[in-house]
Amino acid sequence: MEIEKVKCLIIGSGPAGYTAAIYASRAGLNPVLYQGIQPGGQLTITNDVENYPGYPDGINGPQMMEDFKRQAERFGTDVRYGIATAVDFSSQPHKVTIDDQTVIEAHTVIISTGASAKWLGLESEARLNGSGVSACAVCDGFFYRKQDVAIVGAGDTAAEEATYLSNLCNKVYMIIRRDEMRASTIMQERVKNTPNIEIIWNSVTDEILGQHAVEGVRLRNVLTDELQEIPVTGFFVAIGHQPNSDIFKDYLNLDENGYIRTIPGTSKTNIDGVFACGDVQDFTYRQAVTAAGSGCMAALDAERYLAASNIH
């Protein structure tokens, strides 16, 4: 197996990974960045980004990630296609296997593998993703001002996003599979006391309607099998995210949901020289701008670690 030695390896290529690369390259760390299974991360399935500072007219998600990439490359980041398939953090330098064929020996590893939204698995959901279907109300709710939307989910995130949408939208239908919510009591009360949120209990999504954009949703009652159609222009899925952290679980401390634990106020993990940033360690905010900020932190932490370890 081919072996390559690097000073700084970045795994993942969303806002966190590319920002880490910009800072690491400017600091002379000669970073190598592997783009992973979804180059550009979740933003590549986001049509319009209007809440990232510095883009007064908004920007297309894939274009934004291309801009990040070009900026990282301008300072010398070696951006490559490839997927990390195994890691060995038991000794320095750390070893990361790419595509089961190359072993990268790295003095510092920055993990920015992100999190993937959980989806319902419908064909119409995939087809209309970005054309009315979204997994982020905070990112996309603005586009549905004064319109009717639906949201699927029963936990705190779903309740929070439904409440957020209620301030923008005319009507929010909250679709819940059972006859109760999983959300905390305070969040349930907030939803139930919001006049323009209507909870539809004991129901699942049978189909999202519309050819080129969302026009409605067909629901199936799980008790009676009865179908009903609701006209909506936006359909939000809030059934959770899955952090892409599985290959690190033998070495890094993860929380109960699989997010990498970092030392508060830093990007440091429980392994010296291994840092985590972006959505793989942030289950609270999950925004492009916070991911970018944590990528900056990871690069600065890596630079200081190398200086303290006297690695040049």
Side-chain angles (χ1 to χ4, degrees), residues 42 45-46 114-126 128-130 132-144 147-210 214 216-245 254-259 279 282-287:
Q42 292 186 76
I45 56 168
T46 304
S116 302
K118 294 178 182 173
W119 298 100
L120 301 174
L122 299 170
E123 178 278 329
S124 52
E125 174 188 56
L128 294 168
N129 199 326
V133 172
S134 168
C136 181
V138 176
C139 314
D140 298 329
F142 181 81
F143 301 114
Y144 301 94
Q147 298 175 44
D148 293 355
V149 300
I151 184 165
V152 177
D156 274 348
T157 300
E160 205 171 288
E161 296 208 334
T163 309
Y164 176 84
L165 289 167
S166 72
N167 293 318
L168 297 167
C169 302
N170 177 52
K171 181 77 178 271
V172 180
Y173 295 98
M174 193 170 184
I175 303 157
I176 295 178
R177 175 189 288 270
R178 297 186 299 169
D179 58 1
E180 59 181 6
M181 293 173 71
R182 285 183 290 106
S184 56
T185 306
I186 189 166
M187 289 308 296
Q188 291 193 42
E189 289 306 310
R190 201 169 291 171
V191 165
K192 288 170 184 173
N193 292 329
T194 304
N196 63 334
I197 297 178
E198 181 182 330
I199 301 175
I200 303 176
W201 303 101
N202 298 309
S203 294
V204 294
T205 306
D206 186 66
E207 198 68 78
I208 301 161
L209 308 173
V214 171
V217 58
R218 184 167 66 233
L219 305 178
R220 180 174 60 80
N221 185 296
V222 295
L223 302 179
T224 64
D225 261 352
E226 186 184 338
L227 296 173
Q228 74 171 118
E229 291 187 6
I230 300 168
V232 293
T233 50
F235 183 86
F236 294 87
V237 182
I239 56 174
H241 284 74
Q242 183 66 45
N244 302 316
S245 61
L254 310 179
D255 73 6
E256 60 277 8
N257 295 313
Y259 289 88
D279 287 13
D282 172 23
F283 54 87
T284 308
Y285 300 105
R286 293 198 297 261
Q287 297 298 302

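You'll find the side chain of V191 reaches within 4.5 Å of the side chain of T163, heavy atoms only. Counting heavy atoms from C-beta on, the side chains of N170 and N196 never come closer than 4.5 Å. Looking at heavy atoms from C-beta onward, L128 lies out of side-chain contact with F235 at the 4.5 angstrom threshold. Residues Y173 and L219 are not in side-chain contact: their nearest non-hydrogen atoms beyond the backbone lie 4.5 Å or more apart. M187 places none of its side-chain heavy atoms less than 4.5 Å from the side chain of M181. Side-chain atoms of F236 and D140, non-hydrogen and from C-beta on, do get closer than 4.5 Å to each other.
No donor-acceptor pair under 3.5 Å is formed between the side chain of S166 and the backbone N or O of Y164. Using modelled atom types, one side-chain atom of D255 and one backbone atom of G258 make a donor-acceptor pair closer than 3.5 Å. In terms of modelled atom types and a separation under 3.5 Å, the side chain of S134 and the main chain of C136 share a donor-acceptor contact.
Between E207 atom CD and E125 atom CD the span is 10.0 Å, to the nearest 0.5 Å. Interatomic distance, CZ of R218 versus CD1 of I230, reported as 12.5 Å (0.5 Å rounding). Note that CD1 of I239 and CZ of R182 are 9.5 Å apart. Values are rounded to the nearest 0.5 Å. Here NE2 of H241 is found 8.5 Å from OG1 of T157. Values are rounded to the nearest 0.5 Å. For the atom pair N244 CG and S116 OG, the distance stands at 3.5 Å (nearest 0.5 Å). Atom CG of N202 sits about 12.0 Å away from atom CD of E226, to the nearest 0.5 Å.
The two atoms that bring I208 and S124 nearest to each other are N-OG, 3.2 Å, heavy atoms only. Nearest heavy atom pair, residue I175 against residue T205, reads CD1-OG1, 4.2 Å. Of all the heavy atoms in A238 and E161, the pair that sits closest is CB-OE1, 4.0 Å. Taking both residues in full, the closest heavy atoms of S203 and N221 are given as OG-CA, 4.1 Å, listed atom of the first, atom of the second, then distance. Counting all heavy atoms, side chain and backbone alike, R177 lies closest to V222 at O-CG2, 3.7 Å. Here the shortest heavy-atom pairing between S245 and L254 reads OG-CD1, 4.0 Å.
The local environment of CG in L223 is crowded, with over 12 non-hydrogen atoms from other residues, nucleotides or ligands closer than 6.0 Å. Heavy-atom contacts from other residues, nucleotides or ligands closer than 6.0 Å to CZ of F283 number 12 or fewer.
Partner of V152 under the side-chain contact (heavy atoms from CB on, under 4.5 Å) criterion, chosen from I176, V204, L120, I200: L120.
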Margin query: What verdict does the side-chain contact (heavy atoms from CB on, under 4.5 Å) test give for Y144 and T233, after you've listed the backbone C-alpha separation in whole Å, the side-chain angles of each residue and the deciding distance to 0.1 Å?
Written below: CA-CA 7 Å; Y144 301 94; T233 50; 3.9 Å; yes

